2 protein chains.
Amino acid sequence: MAEAPRLTESAGAVFAVLAQAGSATRPQLASLAGLSKPTVSAAVAELEGARLATHSGTASSGTGRSAAVYGLGPASGSVLAVDLGPARTRVRGCALDGTLLAEASTPRARAADAVREALDALPPGAPLRAIVVAVGDVTEPDRTSGAMRPATAKAGPVFDAVSVALPPGVPVHLENNVNCAALAELHEGAARGRRTFGYLRIGVGIGLGIVIGGQVLRGANGAAGELARLPYPWDDDREPRQEALEAYVGSGALLRRAAQAWGASDGPRPRTADRLFALAAQGREPARALVARHAADVGRLAAAVTAVLDPGLLVLGGSTGADPQLLPGVRAELERLSWPTEVVSSQIGDLGTVVGAARLAVAQGVQNVTEGAQVKD
Amino acid sequence: MAEAPRLTESAGAVFAVLAQAGSATRPQLASLAGLSKPTVSAAVAELEGARLATHSGTASSGTGRSAAVYGLGPASGSVLAVDLGPARTRVRGCALDGTLLAEASTPRARAADAVREALDALPPGAPLRAIVVAVGDVTEPDRTSGAMRPATAKAGPVFDAVSVALPPGVPVHLENNVNCAALAELHEGAARGRRTFGYLRIGVGIGLGIVIGGQVLRGANGAAGELARLPYPWDDDREPRQEALEAYVGSGALLRRAAQAWGASDGPRPRTADRLFALAAQGREPARALVARHAADVGRLAAAVTAVLDPGLLVLGGSTGADPQLLPGVRAELERLSWPTEVVSSQIGDLGTVVGAARLAVAQGVQNVTEGAQVKD
DNA sequence: TGTACTTCGTTAGGAAGTTAACTAACGAAG
DNA sequence: CTTCGTTAGTTAACTTCCTAACGAAGTACA
C-alpha cells in the first residue's frame, strides 16, 4: 500500500469543511474554513492528488463565472456505527460527509451478523476510518488493554460478540446510547442549531444526554446523565434508596400503575405504553389521568436537570417520553418548580442512537484523515 | 494619550503566558506558549517596547548560560474584583499576574466606599482593564442597555450603588458569587490541577458552581447550579414545592432543628452553626446527631449533582458545608446512592468569592490587552 | 454581437513563524 | 587558566498563508 503522505494543515481544514458540507465550491470552502482563495486552491489540489476530493460539477451563482464544485473522493473512506439496542442491533455505514452507504438490522442476539452484513455492503478498497459502538451502559477503560468497555455486566457480552466481527486495526469508540441519541437531535433533530441542551430519555430506564457547546458531556466516569442515581424518595422523614427513581418514572412504573388503576368497566387494559397513550389521546379515563401524572413526574425529572444545568432546551425521548401529549404537563410542572426552559419532543425516535453514533463516527473519521492517523493494513 | 498599537498575535500569546506565570525566562515562555525561540525574542522585544513587559533579573539553571527573566511591565495595568457579599463587601485590585495591589472591606451598606478605597490604592497612570462584580444572584442582560444585571431584586440595589463608584469606560462583568468561589478553588484551592469539578456551597442558601474543562458553566439563563430548584420533597405521594429544598438543607434548617432537639439538660443551645459544629466535634449530643444528619442531607444533594454531572470531584463550601466533620457522612451517603466521587472541603473559605472574581478579572484584563480592546480615556 | 458587470481562480509580493545552525555566556573539570 | 559541555539568544533560509491585483469565464443588456 502506498504511503499516504500527511496532509498540510490547510488541506486538513479544507477537508474537514468539505466533509461537513458534503459538496462545496472553492469560495464556499474558503469562507467556511476561514482561509484565503489561494490557500484553498492549493489545498484542493493537494486533496485531489490524494483522491480525497473530486471535482463533481459546476455551480453558477446567477451572475459571474461559475465555480467548480468539489465533493469527497474515493480515498476518503467510510465509517461504521453500531447501536446495540435492547431489542435490535442496528448498523450503519456512512461516508465522511454523512451519506448512508450501508444499513443492517438484526435482533440483538445476532448482532455480529448485522455488522458483517453492513461491512460487506461498504465500497471495497476505501479505508474504514472509525467505528462507534453505542451501548446502554456507562463505559470505562479496561484494566489491561486500556480500551473502553461497558462498565457493568449489562452490555458486556453483546459488546464482546460484536467486537470479533469488527475488522482489526480500525479505531473503535464506545459511547453511551443516550449520548448518541442526543447528538442525533443536535445535528438532525429537535435541537438543530443549538449549542447546549439536554436530551431526556424515559423508557424502561431513564437517562440524560448532555450537550454543551456542541460537545457531549461525559463526566469523570462517563456517568454524567445517569439520572437513575438521583436521590429518591427524598423528604424530611424519608431516606432515598439506591436507583429507586427508575422504578418510579420508568415505563415499568407507568404500566404497573395502569394495572392497578384499571377497573372492570374501563375496557381492555393496555399492555404497552403506546396503547396507553393512544387511549389517553382519546380522552379515555383512567388513561388520561395516568398520562397526566406521568407528565408531572417527567416534569420533576426535568426540573432536577434544569436546577443543575439550566440547559435552555430539553428534548424528550424514549418510549414513554417522546409522546407530545406529555408536553403541556411537563412544561407546567417545570415552570412551577424551576426556570423557564423550552421543552420539545424528540424528532428522530428509535433511530436516534444509530444516527448519532454515525455522526460521532464521521467526526472521528474526519479527524483520522486530517490528523494523518494511518490505518494499519 | 499615545495610540497603543495592537499587539501581534505571537506577542499577545507571550503576554498571556507571562501574565499567567508572573515571571519567566524566554525559553520558558517559548515552551509555555508553544512558540519558537526567535518568535519569542521578537515578541518580548515588542512587549518591552510597549512597556507591557520588563527585564526583571536573570536566572541560572545550574549549568549553561543564564537566562534573562521578564515580568509584567508598568503599562500592563490592573483589574478590580468586587464581592457584594451578604454581610460584607470585599474589593481587591490585582495586577494581571494576579498579585494583590489593593484591598478593602466594608459592611454591605457602604459598598461604594470599599470600591473607592481600593481604586485610590491602585497605581495611578496604569490603565484599569477590567472589573468583575460578584453577586449572590442569577445574572441576566438588562432589557435596555444589554449589560448584565442581577436577575432578581435580591442584589439589584447594592449593584447599582456600587456601579456609580466604578470608573466609566472600563468593561464590567457580573458573575454569580458561587461561580467565583468555584474558580478560586480551581486555581488556588482544593481543586487545583483539576479541569472538571463541582463546588457545592451550603449556607443560608444552597448553590453549585460547575467547572468543566477549566471553564465555568453558566447555563442558558445564567442559572446553572441553582440547586434550590431541585424538586423537593419528592415521593410517590408527595408533590415537590418550589424552592423547598433550601429551607431543608440550608443553615436555617440546621439551627431550627437544633432549637427543636435541644433539651434542658443539654447545656446552652448554640446560636450559630459554628458553635453547633464545635459542640459536635467534642462528641456532645444532640449536636453530634444533628451534624450527622446534616451530613447525610448534604450527601443527598451531592448525589443529585453527581447523578447529573459526574464531576469526579466535589468541593464543599459555605458556612455549614465547609466543615471537615461532614466529610465522612457525605461520602458515605454519596457512595450509597451514586457513583464514587471524591469529596473534599473548601480550602479558601469566605475569601473565595473575591479571589475567584479577581481571577476572572485578570483573565478578562489579559484578554483586553492581547486582543487590543482599548480603554476609552 | 459587443460591452459592462460580476464572480472565479491564479499570480506575485509580503508578513509571520519555523527549523537549523551559529555565536555568546556560564559552570565544572582537569 | 584553559577546555568542554550546556544553555541562551541571534541570524538565515525556508514554509505557509495572506492581501492585492489581474486574467478568465460566465451573465445581462443594449
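Letters go in sequence order (proteins before strands), and every chain restarts at 1. As the structure is a prediction and not an experimental result, all values here were calculated from the model.
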Verify whether one side chain among [X] and [Y] offers a donor that lies under 3.5 Å from an acceptor in the other.
X        : Y        : result
A/Gln347 : A/Arg192 : yes
A/Arg26  : A/Ser41  : yes
A/Glu48  : A/His55  : no

Practice problem: Flag the pair B/Arg194 and B/Glu185 as a salt bridge only when some basic side-chain nitrogen lies within less than 4.0 angstrom of an acidic carboxylate oxygen. | Solution: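 Salt bridge absent between B/Arg194 and B/Glu185.
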Under 4.0 Å between any heavy atoms, over every strand shown, what does [X] touch: base, sugar-phosphate, or nothing? Just pick one.
X       : result
B/Ser36 : base
A/Pro27 : sugar-phosphate
A/Ala42 : nothing

*asked:* I want to check one thing: is the phosphate of D/dT7, taken as OP1 and OP2, less than 4.0 Å away from some side-chain N or O of B/Arg26?
replied: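 Indeed not, no polar side-chain atom of B/Arg26 lies that close.
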Hey, is the side chain of A/Ser10 poking within less than 4.0 Å of OP1 or OP2 on D/dC17, counting only N and O atoms?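 True: A/Ser10 side-chain N/O within range (under 4.0 Å) of D/dC17 OP1/OP2.
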Whole-Å gap separating [atom2] ([N]) and [atom1] ([X]):
X       : N      : atom1 : atom2 : value
B/Glu9  : D/dT16 : CD    : C1'   : 14 Å
B/Leu7  : C/dA15 : CG    : P     : 18 Å
B/Arg65 : C/dA24 : CZ    : P     : 9 Å
B/Lys37 : C/dA25 : NZ    : C1'   : 13 Å
A/Leu35 : D/dT19 : CG    : C1'   : 14 Å
A/Leu29 : C/dG9  : CG    : P     : 10 Å

**Prompt:** Which of these passes side-chain contact (heavy atoms from CB on, under 4.5 Å) with A/Leu29: A/Leu47, A/Leu35, A/Val44?
**Reply:**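 Looking at A/Leu47, A/Leu35, A/Val44, the match for A/Leu29 under the side-chain contact (heavy atoms from CB on, under 4.5 Å) is A/Val44.
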Encoded 5' to 3' (Watson-Crick or G-U under 3.5 Å; [ ] crossing; | other strand), DNA chain C becomes |||||||.||||||||||||||||||||||
Could you tell me whether the side chain of B/Val79 reaches within less than 4.5 Å of the side chain of B/Ile131, counting heavy atoms only?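 When only atoms from C-beta onward are counted, B/Val79 and B/Ile131 do not touch, as no gap falls below 4.5 Å.
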Check your understanding: Between A/Thr39 and A/Thr63, who's closer to the 5' end of DNA chain D by nearest nucleotide?
Key ->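 This one resolves to A/Thr39.
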Practice task
Inspect the surroundings of CD in A/Gln20 and state if more than 12 heavy atoms from other residues, nucleotides or ligands are less than 6.0 Å away.
Solution key: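 Atom CD in A/Gln20 is not crowded, with 12 or fewer foreign heavy atoms closer than 6.0 Å.
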